[in-house]
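Given the structure is predicted, the values throughout are model-derived calculations rather than measurements. We name chains A, B, ... by the order of the sequence lines, and we start the count at 1 in each one.
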2 protein chains.
Amino acid sequence: MAYHRNRKHVDGDGWASCAASGLRLAGRLWIECDGQTLLSWKRIDLLECVRDSGSISLAARSMGIAYRHAWELLEDMNQHSRQPLVERVVGGKGGGGTRLTAAGHEAIRRFHAVVQQFNVFLEAECSEFLDLFGKRPEV
Amino acid sequence: MAYHRNRKHVDGDGWASCAASGLRLAGRLWIECDGQTLLSWKRIDLLECVRDSGSISLAARSMGIAYRHAWELLEDMNQHSRQPLVERVVGGKGGGGTRLTAAGHEAIRRFHAVVQQFNVFLEAECSEFLDLFGKRPEV
DNA sequence: CTGCGCTATTCCCTAGCGGGAATAACGGAC
DNA sequence: GTCCGTTATTCCCGCTAGGGAATAGCGCAG
(Lines give C-alpha, C1' and ligand atoms only; values in the text may rest on other atoms or scores of the structure.)
Protein backbone atom coordinates (compact mmCIF):
# COMPACT_ATOMS: atom_id res chain seq x y z
CA MET A 1 0.00 0.00 0.00
CA ALA A 2 1.20 3.45 -0.84
CA TYR A 3 2.42 5.80 1.80
CA HIS A 4 -0.27 7.92 3.38
CA ARG A 5 0.27 10.95 5.53
CA ASN A 6 0.15 10.31 9.20
CA ARG A 7 -2.88 12.14 10.50
CA LYS A 8 -5.15 11.84 13.43
CA HIS A 9 -8.32 11.44 11.47
CA VAL A 10 -10.07 8.14 11.12
CA ASP A 11 -11.14 6.05 8.17
CA GLY A 12 -12.66 7.94 5.32
CA ASP A 13 -12.87 11.66 5.77
CA GLY A 14 -14.50 12.12 9.11
CA TRP A 15 -13.64 12.55 12.73
CA ALA A 16 -14.61 10.30 15.52
CA SER A 17 -14.83 10.59 19.22
CA CYS A 18 -16.17 8.80 22.22
CA ALA A 19 -15.29 7.60 25.62
CA ALA A 20 -15.82 3.91 26.02
CA SER A 21 -17.66 0.71 25.28
CA GLY A 22 -16.61 0.51 21.66
CA LEU A 23 -19.27 3.17 21.14
CA ARG A 24 -18.37 6.13 19.02
CA LEU A 25 -20.08 9.26 17.86
CA ALA A 26 -18.46 10.17 14.57
CA GLY A 27 -18.95 13.04 12.22
CA ARG A 28 -17.86 14.97 9.21
CA LEU A 29 -17.79 18.64 8.31
CA TRP A 30 -17.53 20.54 5.07
CA ILE A 31 -18.08 24.01 3.72
CA GLU A 32 -20.14 24.84 0.70
CA CYS A 33 -20.26 28.00 -1.33
CA ASP A 34 -23.34 28.43 -3.50
CA GLY A 35 -24.10 24.74 -3.16
CA GLN A 36 -20.65 23.61 -4.24
CA THR A 37 -18.30 21.88 -1.85
CA LEU A 38 -15.50 24.27 -1.04
CA LEU A 39 -13.63 22.72 1.86
CA SER A 40 -13.68 19.29 3.42
CA TRP A 41 -11.36 17.24 5.50
CA LYS A 42 -9.79 15.69 2.44
CA ARG A 43 -9.42 19.03 0.74
CA ILE A 44 -7.77 20.58 3.76
CA ASP A 45 -5.45 17.61 3.88
CA LEU A 46 -4.60 18.22 0.26
CA LEU A 47 -3.95 21.90 0.84
CA GLU A 48 -1.57 21.03 3.64
CA CYS A 49 0.26 18.51 1.48
CA VAL A 50 0.63 21.09 -1.25
CA ARG A 51 1.85 23.62 1.26
CA ASP A 52 4.44 21.19 2.59
CA SER A 53 5.62 19.80 -0.74
CA GLY A 54 5.25 22.73 -3.10
CA SER A 55 3.71 20.68 -5.88
CA ILE A 56 0.47 18.94 -6.75
CA SER A 57 2.18 15.79 -7.93
CA LEU A 58 4.15 15.32 -4.72
CA ALA A 59 1.08 16.13 -2.64
CA ALA A 60 -0.98 13.57 -4.53
CA ARG A 61 1.69 10.93 -4.10
CA SER A 62 2.00 11.53 -0.37
CA MET A 63 -1.76 11.28 0.00
CA GLY A 64 -2.02 8.14 -2.06
CA ILE A 65 -4.41 9.65 -4.57
CA ALA A 66 -4.10 10.17 -8.31
CA TYR A 67 -2.62 13.40 -9.58
CA ARG A 68 -5.67 13.86 -11.74
CA HIS A 69 -7.92 13.70 -8.70
CA ALA A 70 -5.79 16.13 -6.71
CA TRP A 71 -5.75 18.54 -9.61
CA GLU A 72 -9.53 18.36 -9.94
CA LEU A 73 -10.01 19.08 -6.26
CA LEU A 74 -7.74 22.11 -6.35
CA GLU A 75 -9.29 23.36 -9.56
CA ASP A 76 -12.73 22.98 -8.04
CA MET A 77 -11.70 24.84 -4.92
CA ASN A 78 -10.23 27.72 -6.86
CA GLN A 79 -13.26 27.88 -9.13
CA HIS A 80 -15.83 28.09 -6.37
CA SER A 81 -13.94 30.12 -3.85
CA ARG A 82 -14.28 33.85 -3.91
CA GLN A 83 -10.51 34.09 -3.93
CA PRO A 84 -8.12 31.38 -5.14
CA LEU A 85 -6.59 29.14 -2.50
CA VAL A 86 -3.60 27.98 -4.53
CA GLU A 87 -1.38 29.52 -7.16
CA ARG A 88 0.04 27.28 -9.84
CA VAL A 89 3.10 27.78 -12.02
CA VAL A 90 3.66 25.83 -15.23
CA GLY A 91 7.25 25.35 -16.32
CA GLY A 92 10.30 27.16 -15.04
CA LYS A 93 12.51 26.39 -12.10
CA GLY A 94 11.96 22.82 -11.03
CA GLY A 95 9.31 22.42 -13.70
CA GLY A 96 6.95 24.73 -11.90
CA GLY A 97 4.99 24.18 -8.75
CA THR A 98 2.01 25.13 -6.64
CA ARG A 99 1.81 27.17 -3.48
CA LEU A 100 -0.91 28.38 -1.19
CA THR A 101 -2.27 31.90 -1.27
CA ALA A 102 -2.91 33.81 1.95
CA ALA A 103 -6.53 32.70 1.70
CA GLY A 104 -5.36 29.11 1.41
CA HIS A 105 -3.37 29.36 4.61
CA GLU A 106 -6.23 31.06 6.37
CA ALA A 107 -8.70 28.40 5.20
CA ILE A 108 -6.57 25.71 6.78
CA ARG A 109 -6.31 27.63 10.05
CA ARG A 110 -10.05 28.31 10.30
CA PHE A 111 -11.05 24.82 9.36
CA HIS A 112 -8.80 23.30 11.99
CA ALA A 113 -10.26 25.60 14.60
CA VAL A 114 -13.78 24.47 13.77
CA VAL A 115 -12.71 20.83 13.74
CA GLN A 116 -11.28 21.20 17.21
CA GLN A 117 -14.60 22.53 18.46
CA PHE A 118 -16.35 19.75 16.61
CA ASN A 119 -14.34 17.14 18.46
CA VAL A 120 -15.33 18.71 21.74
CA PHE A 121 -18.94 18.53 20.63
CA LEU A 122 -18.71 14.88 19.62
CA GLU A 123 -17.05 13.92 22.86
CA ALA A 124 -19.76 15.62 24.85
CA GLU A 125 -22.73 14.32 22.89
CA CYS A 126 -21.51 10.76 22.66
CA SER A 127 -22.42 10.18 26.28
CA GLU A 128 -26.07 10.56 25.28
CA PHE A 129 -25.93 7.06 23.84
CA LEU A 130 -23.85 5.30 26.44
CA ASP A 131 -26.74 3.90 28.43
CA LEU A 132 -28.53 2.84 25.27
CA PHE A 133 -25.69 1.12 23.46
CA GLY A 134 -22.95 0.95 26.06
CA LYS A 135 -21.88 -1.91 28.31
CA ARG A 136 -25.01 -1.97 30.44
CA PRO A 137 -28.22 -1.89 28.41
CA GLU A 138 -30.98 -0.08 30.24
CA VAL A 139 -33.80 0.52 27.83
CA MET B 1 -38.94 10.51 -9.62
CA ALA B 2 -40.24 8.33 -6.84
CA TYR B 3 -41.87 9.81 -3.82
CA HIS B 4 -39.50 10.71 -1.04
CA ARG B 5 -40.45 11.58 2.48
CA ASN B 6 -40.62 15.25 3.18
CA ARG B 7 -37.81 16.01 5.57
CA LYS B 8 -35.82 19.04 6.50
CA HIS B 9 -32.45 17.56 5.72
CA VAL B 10 -30.45 18.51 2.67
CA ASP B 11 -29.03 16.55 -0.21
CA GLY B 12 -27.38 13.31 0.67
CA ASP B 13 -27.44 12.40 4.29
CA GLY B 14 -26.12 15.45 6.05
CA TRP B 15 -27.33 18.60 7.66
CA ALA B 16 -26.51 22.08 6.64
CA SER B 17 -26.59 25.41 8.25
CA CYS B 18 -25.46 28.93 7.73
CA ALA B 19 -26.55 32.48 7.73
CA ALA B 20 -25.79 34.24 4.51
CA SER B 21 -23.70 34.83 1.43
CA GLY B 22 -24.40 31.43 -0.10
CA LEU B 23 -21.89 30.16 2.42
CA ARG B 24 -22.80 27.05 4.32
CA LEU B 25 -21.19 24.95 6.99
CA ALA B 26 -22.56 21.46 6.53
CA GLY B 27 -22.06 18.28 8.44
CA ARG B 28 -22.98 14.71 9.06
CA LEU B 29 -23.20 12.53 12.15
CA TRP B 30 -23.28 8.81 12.76
CA ILE B 31 -22.80 6.35 15.56
CA GLU B 32 -20.52 3.36 15.44
CA CYS B 33 -20.42 0.35 17.69
CA ASP B 34 -17.18 -1.62 17.57
CA GLY B 35 -16.24 0.06 14.32
CA GLN B 36 -19.52 -0.77 12.60
CA THR B 37 -21.97 1.93 11.63
CA LEU B 38 -24.97 1.66 13.89
CA LEU B 39 -26.99 4.80 13.31
CA SER B 40 -26.88 7.48 10.67
CA TRP B 41 -29.26 10.01 9.29
CA LYS B 42 -30.43 7.62 6.61
CA ARG B 43 -30.87 4.81 9.12
CA ILE B 44 -32.87 6.97 11.48
CA ASP B 45 -35.00 8.00 8.56
CA LEU B 46 -35.56 4.36 7.76
CA LEU B 47 -36.49 3.53 11.34
CA GLU B 48 -39.05 6.31 11.31
CA CYS B 49 -40.52 5.10 8.04
CA VAL B 50 -40.80 1.59 9.46
CA ARG B 51 -42.39 2.97 12.59
CA ASP B 52 -44.93 4.90 10.54
CA SER B 53 -45.74 2.21 8.00
CA GLY B 54 -45.33 -1.02 9.94
CA SER B 55 -43.43 -2.78 7.18
CA ILE B 56 -40.02 -2.75 5.54
CA SER B 57 -41.43 -2.85 2.04
CA LEU B 58 -43.65 0.18 2.57
CA ALA B 59 -40.84 2.03 4.31
CA ALA B 60 -38.47 1.30 1.45
CA ARG B 61 -41.02 2.49 -1.08
CA SER B 62 -41.69 5.73 0.76
CA MET B 63 -37.97 6.41 0.98
CA GLY B 64 -37.36 5.62 -2.64
CA ILE B 65 -34.83 2.91 -1.93
CA ALA B 66 -34.82 -0.79 -2.78
CA TYR B 67 -36.38 -3.23 -0.33
CA ARG B 68 -33.17 -5.21 -0.38
CA HIS B 69 -31.20 -2.17 0.70
CA ALA B 70 -33.64 -1.33 3.47
CA TRP B 71 -33.55 -4.89 4.71
CA GLU B 72 -29.76 -4.89 4.74
CA LEU B 73 -29.65 -1.69 6.74
CA LEU B 74 -32.07 -3.00 9.35
CA GLU B 75 -30.32 -6.35 9.51
CA ASP B 76 -27.01 -4.59 9.99
CA MET B 77 -28.43 -2.40 12.75
CA ASN B 78 -29.88 -5.34 14.61
CA GLN B 79 -26.67 -7.33 14.23
CA HIS B 80 -24.38 -4.66 15.60
CA SER B 81 -26.61 -3.15 18.21
CA ARG B 82 -26.47 -4.54 21.69
CA GLN B 83 -30.23 -4.87 21.58
CA PRO B 84 -32.35 -5.17 18.42
CA LEU B 85 -33.98 -2.00 17.15
CA VAL B 86 -36.72 -3.67 15.09
CA GLU B 87 -38.78 -6.81 15.41
CA ARG B 88 -39.83 -8.61 12.26
CA VAL B 89 -42.70 -11.03 11.68
CA VAL B 90 -42.86 -13.34 8.66
CA GLY B 91 -46.31 -14.41 7.53
CA GLY B 92 -49.56 -14.03 9.40
CA LYS B 93 -51.98 -11.16 9.53
CA GLY B 94 -51.31 -8.84 6.63
CA GLY B 95 -48.41 -11.02 5.56
CA GLY B 96 -46.35 -10.04 8.53
CA GLY B 97 -44.67 -6.77 9.35
CA THR B 98 -41.95 -4.96 11.21
CA ARG B 99 -42.15 -2.73 14.25
CA LEU B 100 -39.72 -0.85 16.41
CA THR B 101 -38.55 -2.10 19.77
CA ALA B 102 -38.31 0.24 22.74
CA ALA B 103 -34.63 0.63 21.93
CA GLY B 104 -35.56 1.57 18.39
CA HIS B 105 -37.85 4.33 19.55
CA GLU B 106 -35.25 5.56 22.00
CA ALA B 107 -32.54 5.56 19.34
CA ILE B 108 -34.64 7.87 17.21
CA ARG B 109 -35.29 10.20 20.11
CA ARG B 110 -31.64 10.44 21.17
CA PHE B 111 -30.37 10.88 17.66
CA HIS B 112 -32.74 13.74 16.98
CA ALA B 113 -31.66 15.44 20.17
CA VAL B 114 -28.02 15.28 19.14
CA VAL B 115 -28.85 16.49 15.64
CA GLN B 116 -30.61 19.50 17.08
CA GLN B 117 -27.51 20.40 19.05
CA PHE B 118 -25.43 19.79 15.97
CA ASN B 119 -27.43 22.31 14.02
CA VAL B 120 -26.83 24.88 16.72
CA PHE B 121 -23.14 24.13 16.51
CA LEU B 122 -23.06 24.49 12.73
CA GLU B 123 -24.93 27.74 12.83
CA ALA B 124 -22.50 29.18 15.34
CA GLU B 125 -19.29 27.98 13.72
CA CYS B 126 -20.28 28.98 10.22
CA SER B 127 -19.65 32.61 11.02
CA GLU B 128 -15.96 31.77 11.35
CA PHE B 129 -15.76 31.66 7.58
CA LEU B 130 -17.94 34.60 6.67
CA ASP B 131 -15.17 37.13 6.31
CA LEU B 132 -13.04 34.65 4.37
CA PHE B 133 -15.60 33.42 1.88
CA GLY B 134 -18.52 35.77 2.39
CA LYS B 135 -19.60 38.81 0.40
CA ARG B 136 -16.66 41.02 1.38
CA PRO B 137 -13.29 39.30 1.04
CA GLU B 138 -10.82 40.52 3.63
CA VAL B 139 -7.84 38.22 3.57
C1' DC C 1 19.38 23.59 -27.83
C1' DT C 2 18.45 19.77 -24.68
C1' DG C 3 16.85 17.97 -20.40
C1' DC C 4 14.03 18.03 -16.58
C1' DG C 5 10.05 18.16 -13.53
C1' DC C 6 5.98 20.11 -13.10
C1' DT C 7 1.09 21.42 -14.72
C1' DA C 8 -2.68 20.16 -17.70
C1' DT C 9 -5.56 16.78 -20.10
C1' DT C 10 -7.19 12.61 -22.02
C1' DC C 11 -8.65 7.71 -22.08
C1' DC C 12 -9.50 3.28 -19.99
C1' DC C 13 -10.62 0.33 -16.27
C1' DT C 14 -12.04 -1.26 -11.83
C1' DA C 15 -14.63 -1.78 -7.43
C1' DG C 16 -18.47 -0.77 -4.83
C1' DC C 17 -22.94 1.00 -3.96
C1' DG C 18 -27.39 0.41 -4.70
C1' DG C 19 -31.68 -0.17 -7.90
C1' DG C 20 -34.78 -3.68 -10.00
C1' DA C 21 -36.69 -7.93 -10.83
C1' DA C 22 -37.57 -12.64 -9.68
C1' DT C 23 -38.42 -16.22 -6.32
C1' DA C 24 -39.26 -18.88 -2.07
C1' DA C 25 -41.22 -19.30 2.49
C1' DC C 26 -44.46 -18.06 5.80
C1' DG C 27 -48.90 -17.95 8.20
C1' DG C 28 -53.38 -15.75 9.16
C1' DA C 29 -57.88 -14.64 6.55
C1' DC C 30 -61.35 -16.56 3.92
C1' DG D 1 -57.68 -25.90 0.71
C1' DT D 2 -56.59 -20.89 -1.87
C1' DC D 3 -55.21 -16.05 -1.55
C1' DC D 4 -52.55 -12.43 -0.04
C1' DG D 5 -48.82 -9.35 1.52
C1' DT D 6 -45.03 -9.58 3.98
C1' DT D 7 -40.10 -11.11 5.08
C1' DA D 8 -36.01 -13.22 3.16
C1' DT D 9 -32.73 -14.09 -0.62
C1' DT D 10 -30.67 -14.30 -5.04
C1' DC D 11 -28.95 -12.56 -9.51
C1' DC D 12 -28.12 -8.98 -12.86
C1' DC D 13 -27.10 -4.25 -14.17
C1' DG D 14 -26.00 0.75 -14.40
C1' DC D 15 -23.94 4.57 -12.35
C1' DT D 16 -20.21 7.03 -10.34
C1' DA D 17 -15.91 7.95 -7.98
C1' DG D 18 -11.52 7.51 -8.46
C1' DG D 19 -6.94 4.97 -9.74
C1' DG D 20 -3.41 4.40 -13.50
C1' DA D 21 -1.16 5.29 -17.58
C1' DA D 22 -0.06 8.07 -21.44
C1' DT D 23 0.76 12.51 -23.58
C1' DA D 24 1.42 17.40 -24.49
C1' DG D 25 3.02 21.95 -23.12
C1' DC D 26 5.73 24.94 -20.43
C1' DG D 27 9.90 27.47 -19.01
C1' DC D 28 14.29 27.73 -16.37
C1' DA D 29 18.97 25.41 -15.80
C1' DG D 30 22.79 23.84 -17.89
Task: Rounded interatomic separation in angstrom, taking NZ from A:K42 and C1' from D:dG19 - done: 11 Å

- [ ] Report the C-alpha separation of A:N78 and A:R88 in whole Å, then their side-chain angles, then the decisive distance to 0.1 Å, and conclude whether the side-chain contact (heavy atoms from CB on, under 4.5 Å) test is met.
- [x] CA-CA 11 Å; A:N78 267 7; A:R88 296 170 290 190; 4.2 Å; yes

TODO: From the options C:dC6, D:dT7, C:dG19, select the nucleotide whose nearest atom is closest to the side chain of B:Y67.
DONE: D:dT7

TODO: Mind calculating the distance between CG (A:L58) and P (C:dT7) to the nearest angstrom?
DONE: 8 Å

Open item on the list: Assigning hydrophobic clusters by single linkage (Ile, Leu, Val, Met, Phe, Trp, Tyr; side-chain heavy-atom cutoff under 4.5 Å), is B:V89 placed with B:L100?
Closed with: no

Open item on the list: Rounded to whole Å, how long is the line connecting atom CG of A:L73 with atom C1' of C:dT9?
Closed with: 16 Å

Open item on the list: Do B:L46 and B:M63 make a side-chain contact, defined as non-hydrogen atoms from C-beta onward lying under 4.5 Å apart?
Closed with: yes

Open item on the list: How many whole angstroms separate atom CG of B:L74 from atom P of D:dA8?
Closed with: 9 Å

Task: Atom-pair distance (CZ on A:R99; P on C:dT7), nearest Å - done: 13 Å

Open item on the list: What is the distance, to the nearest angstrom, from the CD atom on B:E72 to the P atom on C:dG16?
Closed with: 15 Å

Open item on the list: Applying side-chain contact (heavy atoms from CB on, under 4.5 Å) to B:L47 and B:M77, what does each step give before you reach the verdict?
Closed with: CA-CA 10 Å; B:L47 286 179; B:M77 277 188 263; 4.3 Å; yes

- [ ] May I ask you to verify if any side-chain N or O of A:S55 is less than 4.0 angstrom from the OP1 or OP2 atom of C:dG5?
- [x] no

TODO: Would you indicate which nucleotide in C:dG18, D:dT7, C:dT7 comes nearest to any side-chain atom of A:S57?
DONE: C:dT7

TODO: Report the nucleotide, chosen from D:dA8, D:dG19, D:dG25, that has the shortest atom-to-atom distance to any side-chain atom of A:V90.
DONE: D:dG25

Task: Proximal nucleotide (of D:dA8, D:dT6, D:dG19) relative to the B:W71 side chain - done: D:dA8

Task: Nucleotide D:dT7, atom C1' - distance to CD of B:E87 in whole Å - done: 14 Å

Open item on the list: Nearest heavy atom decides the nucleotide; on that basis, is B:I56 or A:H69 closer to the 5' end of DNA chain D?
Closed with: B:I56

TODO: Return the orientation label for the A:F118 and B:F118 ring planes: parallel under 30°, perpendicular over 60°, tilted otherwise.
DONE: parallel

Open item on the list: From CZ of B:R68 over to C1' of C:dA22, roughly how many Å is that when rounded to an integer?
Closed with: 13 Å

